[in-house]
Every structure is written in structure tokens, then in C-alpha cells.
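Below is one structure, written out as C-alpha cells, with a few remarks after it.
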Number of protein chains: 2
Amino acid sequence: MAFENYTIKDIARALNLSPSTVSRALRDSYEISTETKQIVLAYAEKINYRANPIARSLKERKSYSIGIIVSEIANNFFSQVIDGIESVAYSKNYQVVISQTHESAERERLNVEHLYSRSTDGLLMALSAETSDCSYLESLMDKGFPIVFFDRVPAQIRSHKVIADNKQGGYDAVNYLSKKGCKKIAHVTGAKKLSITKERLEGYKMGLLAHNLDFNPALVKYCEYGGLHQDELEKVVMELRDQDYDGIFISGDKLTTGYLQAMNEQDSHKLDHIAIAGFTNSKVVNIFSPTITAIRQPAFDMGQRAAELLIQQIESKQADTDFQTVVLPTTLIERK
Amino acid sequence: MAFENYTIKDIARALNLSPSTVSRALRDSYEISTETKQIVLAYAEKINYRANPIARSLKERKSYSIGIIVSEIANNFFSQVIDGIESVAYSKNYQVVISQTHESAERERLNVEHLYSRSTDGLLMALSAETSDCSYLESLMDKGFPIVFFDRVPAQIRSHKVIADNKQGGYDAVNYLSKKGCKKIAHVTGAKKLSITKERLEGYKMGLLAHNLDFNPALVKYCEYGGLHQDELEKVVMELRDQDYDGIFISGDKLTTGYLQAMNEQDSHKLDHIAIAGFTNSKVVNIFSPTITAIRQPAFDMGQRAAELLIQQIESKQADTDFQTVVLPTTLIERK
DNA sequence: TTGAAAGCGCTAACAT
DNA sequence: ATGTTAGCGCTTTCAA
């Protein structure tokens, strides 16, 4: 009884009004008498009327839903971003539709297609590790489909972007390690082409420079799938086994935990001689062993900001917005 | 926002056919000649025609989307469940719409109502910790709206349910601890009314019994918000501070990590004298300190099974009458 | 201020 | 096998 499926016609019939009048009353139109409006609203309330959003969408060409595309939902960072997105979407009455790429460019493309043709009003996305060609995204945007990128953003596309201050984060990590006395700092990072990889690497180099440490390419290891597969980290640990390093900066969530796991298994004696700093959004770094220093991204905020920008763009009438790139600070969390 | 999208009418006009013929061709109806079908499909392909799913939804009264309601997205267990749901939904061409309750019964109700009236075809949900009255869910189901519950399921409602073998998991934990030599095993758990709380408690008691250990109510601590707020665990640790126990079984993801954190901070010296086993779906338990034994739920599978049941129910013509409760085994992961 | 009617894009019952 | 038509529930001209 609380959930009958009444339509505007039902209300119109019951109140001896026309459907259009009822619609106007419900939509709070100006061209309606306060009296009728009251009557309609009261009755709608009484029968617990719910507008059919599909019909409205068809008419208005707007679905009040936004799509999210990330590589993995079951990931500290991304799930926190989604939390942030959901909080904004919820408050603005948008639905949130999710899909995953598993770092596959093909899957990404399929998801975008799907969410576009499935009439989401816009997209929030972080590029997959595999993605190199973004031209199809650009052409969608040219057609007026709003896309806001976060975290992993395309360099060439003009759009809103929300990212962490990755360079600063990388710098902070190296700076921290150096102040702890590290002289030879390794770097484990993700796919070469990703923005976050480049920016964090830049921060790493900047940190080395600031402390007069040499940049040694042999100490930089890339994982093209960002640690999605643990064997990537096992390989890294093996390759670093005979390298002489006393500190390491790791550039991503799964990379960081994967490295710790691989080290525990493969090279645990070295752990006593190195200091570790890594990007991670795990909420439980303080119970990790070995002890690490965490670089944390403001994932929840990032989701919120991205969602706000997207919804703003969706709801703005004029097509030509001037696009912003929002850069949010990272936090270095030292283990007590 | 200009969406240059073709419609069936456009195709019909271009090919000198009627819209219905075009529709039939696209829908691969039997009552159409192979020839015209080819022509239509070829042309549709050429202009990159995308059907408007909203229009189809309105007509068919089906949205090809399913709702998910969980307490928190940014949670090991739930994000893995969602991953599983998404994998099935993706393969069956359903969209996945997400919302969170933050353990609030009110928010849960709003979300349900929203997803229902927003025309999702069905719901997958785990009850919030606060939920006690499920009658509104029941009346929705009576109206033919399919809901499949997972993890935290209502006892009284007839529906498909997918759960872990919580009792066995609890038993396994206690059995393990006992075999390790524990004589006094405490238990930290979640909201009293939740199914998972009761089932795990039962397993705990069964384990005690099997090993001739006394049940001591003073060693059982409830957290009504399941560790959503860390102060719940701080309180537990404080209360257990002067209790004499040598083992502890913890009944949930956030409870487990929260307990470890609180112990590290408040009562770390005791850690050398107790063994810990806890439900958690963290993928990095092997780098936790203190060392714990994990009871892991098959979260991904659970999501898959639940999604399969829901979609099956959505697509079955006759009102389903025999509901299944799928019980999946937990895994005990001993730290090497 | 209200009502009648058209139409969003699609499907399907009914006609041909 | 194809076309005609009505209608899903809603919004929105246009007419009264």
C-alpha cells in the first residue's frame, strides 16, 4: 500500500483535473493556482505518488544518472572515491552507475559506449592502465557528452580534471626518506603512460635532486598493470634483490601492498635495512608490517569534487565551460 | 547539449520502411525477411545507430538495471561483493546502481524507495545494522519487486538469500584457537539483531562446547554499528582490558581491523599473550601486525550468486515461489 | 488558470 | 512480410 504505482492520469481522474494541470502542480509551475496545487500535492502525498522517472527521462532527455568507470571497485582508493561520488550524487538526486575496466582498454571502451548509449548524463572516469587512444572520448565530448576525469587523466583532452598533487606526493615521500638517512632510493611505479606515473616519477626525481642524490634508472621499476597481478611485484622484488638500495618509494596502492607481500615472502631480511614510503589509501596502514610511511590521496574529496564538477557541467545550459583542473593535496602519514 | 543520435524513424525514412519494420529487424523478429533485415542492420551499423534504452524501458517497463544497497562501499567485503555483482550484471547486460546506508535504517529505507521508484528491476541488499522492521521490504516483494538478500539477511522474509556459512566460520575460528591452546576465548561482534551476528555467535558457542570450554558472557562484546566508528572498538578493548582471555574471535571486517588498531594503541603488551582470529576480507592480512588468522568470506562468489538469482527472478515469467538460501563456505587462512 | 493534444523513441497488436 | 496505429507516463506548447 505504501508503494502503489499511480500515474498522473490517476490523480487527474480522481481530482477531476487534466493531467497537465496535475503535472504543473507537481512541478511547482508558476501558472497554477495555489489552491489546486495544494489539492494535488495533498492527494499525491496521500496516495504516495511516485513519478515515473523513465517517462520523465524520455521526455526531458536526461536520466539523472551518472556513470563511473574505474579499473577495480575492490580497491582502497577507488572505493573511497566512489564513496565520495555517491555522497554528492545522492544529495543531488542522481543515481550512480558503476563499471570496471580491469585495466583493459577494450573493456573501457565498451563500458563508455554502454554508459553513453544507456543514457547516463555524464561520466566520471579514471583511465585504465592500458589506455593510449582517447580520441573516442574526445569525440563523445565534442558531441556534448560531459566527462570528468579523476586520478588518471588524459593529457591531451580538454575537460574538467580532478587529481591529487602527485608530484608533491612523490617529492614528500623522497624528502621523508632522505631525511631518514636514505641515500639510495628505489622507485616502483605503474604503467609508463599514465599521468600519475609520470607525475609521481617527476616528484621522485625532484626529491632526489633536492637532496643531491643521483638518479639511477636501474632503481626504477615499472609495472604495466599497476600491480593488478602479484607476479608483477614478485618480478620487481627479484630484480631489486641484488640492487643496493636503502629506501624505496612506491607509487600506487596495489603496488605498495604487493611489494610488502612479495618482500615478506622473497626477501624479508632486507626489510631491516630499508625504509619504505608508498602511495596507499588503506585505512589500516598502521597495522602493516613492515612499517611503512603512507602517502594518502584525498580519495573521498576527489570523488566529491569530480561529481560536483560533472553535475554542474550537466546542468549548465551553455556548452562552452572553461575547464578546471582541481589539484588536491596528498598527506604523508608517518607511522607512530 | 547536442546529442546527434539517430532514431528508428530516421532509419525508416532513409530506407523507405516503416518504423515497426525497422524495429523488428533490429530486434531480430521472426516475422521479417532476411533481406530487409540485412539492409536495416547494415544501415544501422553504418550510421552507428544506438537504440534509446529509456524509450525501450518505458515501453517494456523494464530498465535493465539492478540496485545494490550496502552499508559502505569503501569496505573490503562489500566492494568485493559488488565486484562479483558487476561481473554478472555486465555479462547479462544489466547496469548496476549503487547506494549506501552507512548503517542507518532510515537511509536504507530512502534508498530502497528511491531505487524502486527509479525503476530498477530488482534489488540486491545487505541489511543495515540498524534495521529491525523489514515489513516495507516484504510489501514491495509482495507487489512483485524482486529483492535478493546477501550477507545480512532478514529471518522472516521469504526470498532468495545468499550467505556465508557463518556458523561454521565461527566454529572454525574457535576450533583453531582452541587447538592453538587457547582456553579463554573472547568474542567481539556486531549488532545483536543481525543474522550474521547470531550465526557467528552460534558457531562460537558450538566451538566452545566442542572443546569443553565455558561460555562466559563477560567475554562477549557487541558493537551495534559493527565497528563503523572506531570508538566502538576502543571501548571494547578498554572493557576487555582487565578480563582474562588468551584468544579472541572477531566477527567482522571493520571489527577485526579496528580491534587490531585499538589494541596496538591501548593494550599492546597483551598482544603477546593472545591469539586472534577474525572475519576479514582484507587481501593483505598477511602483512598485518599483530599476526591474525583470517576467516574469509567468498565475497566475490556471493555477489555473483546473488546477482544470478536476482536476474533469474527478474526474467522469470511466473512469480517465483521456491526461494533458495545459498550458503557458501568460509575459508580459514592461517598466517604462514 | 486550466485543458486538449502532440510527442519523446520505442514496441506490438492489429490490419494488410 | 510489412505497414498502421496506439500507447508506455510524462512535459509542454497552444488554445480556451
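To find a chain, count down the sequence lines: A is the first, B the second, and so on, and within it residues start at 1.
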Which part of the nucleic acid, if any, lies within contact of A/Thr36, taking any heavy atom under 4.0 Å across all strands shown: a base, the sugar-phosphate backbone alone, or nothing?
-> sugar-phosphate
With sugar-phosphate meaning primed atoms plus P, OP1 and OP2, does B/Leu58 contact a base, only sugar-phosphate, or nothing at under 4.0 Å between heavy atoms?
-> base
Spacing between [X] atom [atom1] and [N] atom [atom2], to the nearest angstrom:
X: A/Ile32; N: C/dG3; atom1: CD1; atom2: C1'; value: 11 Å
X: B/Tyr6; N: C/dC8; atom1: OH; atom2: P; value: 17 Å
X: B/Arg50; N: C/dC10; atom1: CZ; atom2: P; value: 13 Å
X: B/Ile54; N: C/dC10; atom1: CD1; atom2: P; value: 11 Å
X: B/Lys62; N: C/dT11; atom1: NZ; atom2: P; value: 13 Å

Check whether [Y] forms a cation-pi arrangement with [X] (NZ or CZ under 6.0 Å from the six-membered ring centre, at most 45° off the ring normal).
X: A/Arg109; Y: A/Tyr136; answer: yes
X: B/Lys62; Y: B/Tyr64; answer: yes
X: A/Arg50; Y: B/Tyr116; answer: no

Per the under-4.0 Å heavy-atom filter, residues of residues 8-15 of chain A near DNA chain D come out as A/Ile8, A/Lys9
Counting side-chain heavy atoms from CB outward, which of D/dC10, C/dG3, D/dA1 is closest to A/Arg56?
-> D/dC10
Main-chain N/O of A/Ala105 paired with A/Glu130 side-chain donor or acceptor, under 3.5 Å = yes
Any donor-acceptor pair under 3.5 Å linking the side chain of A/Lys161 with the backbone of A/Pro154?
->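 Present.
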Residue-phosphate contact under 4.0 Å: A/Tyr30 side-chain N/O, C/dT2 OP1/OP2 |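 It does not, given that no N or O in the side chain of A/Tyr30 lies less than 4.0 Å from OP1 or OP2 of C/dT2.
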Residues which pass side-chain hydrogen bond (donor to acceptor under 3.5 Å, both in side chains) with B/Thr21, listed by chain and number, not counting sequence neighbours | B/Ser18
Enumerate the protein-to-nucleotides 12-16 of chain C contacts in which both atoms are nitrogen or oxygen and the separation is below 3.5 Å.
none

A/Arg27: what forms a side-chain contact (heavy atoms from CB on, under 4.5 Å) with it, not counting sequence neighbours?
-> A/Ser23, A/Arg56, A/Glu60
Does B/Ala55 or B/Val22 map to a spot on DNA chain D nearer the 5' end, using the closest nucleotide for each?
-> B/Val22
Identify every side-chain donor-acceptor pair in residues 144-153 of chain A under 3.5 Å, counting partners at least two apart or on other chains, and give the distances.
| residue | atom | partner | partner atom | Å |
| --- | --- | --- | --- | --- |
| A/Arg152 | NH1 | A/Glu103 | OE1 | 3.0 |
| A/Arg152 | NH1 | A/Leu127 | O | 2.7 |
| A/Arg152 | NH2 | A/Glu103 | OE2 | 3.0 |

Ring pair (Phe, Tyr, Trp, His ring centres under 6.0 Å): which pairs involve residues 7-32 of chain B, sequence neighbours left out?
-> none
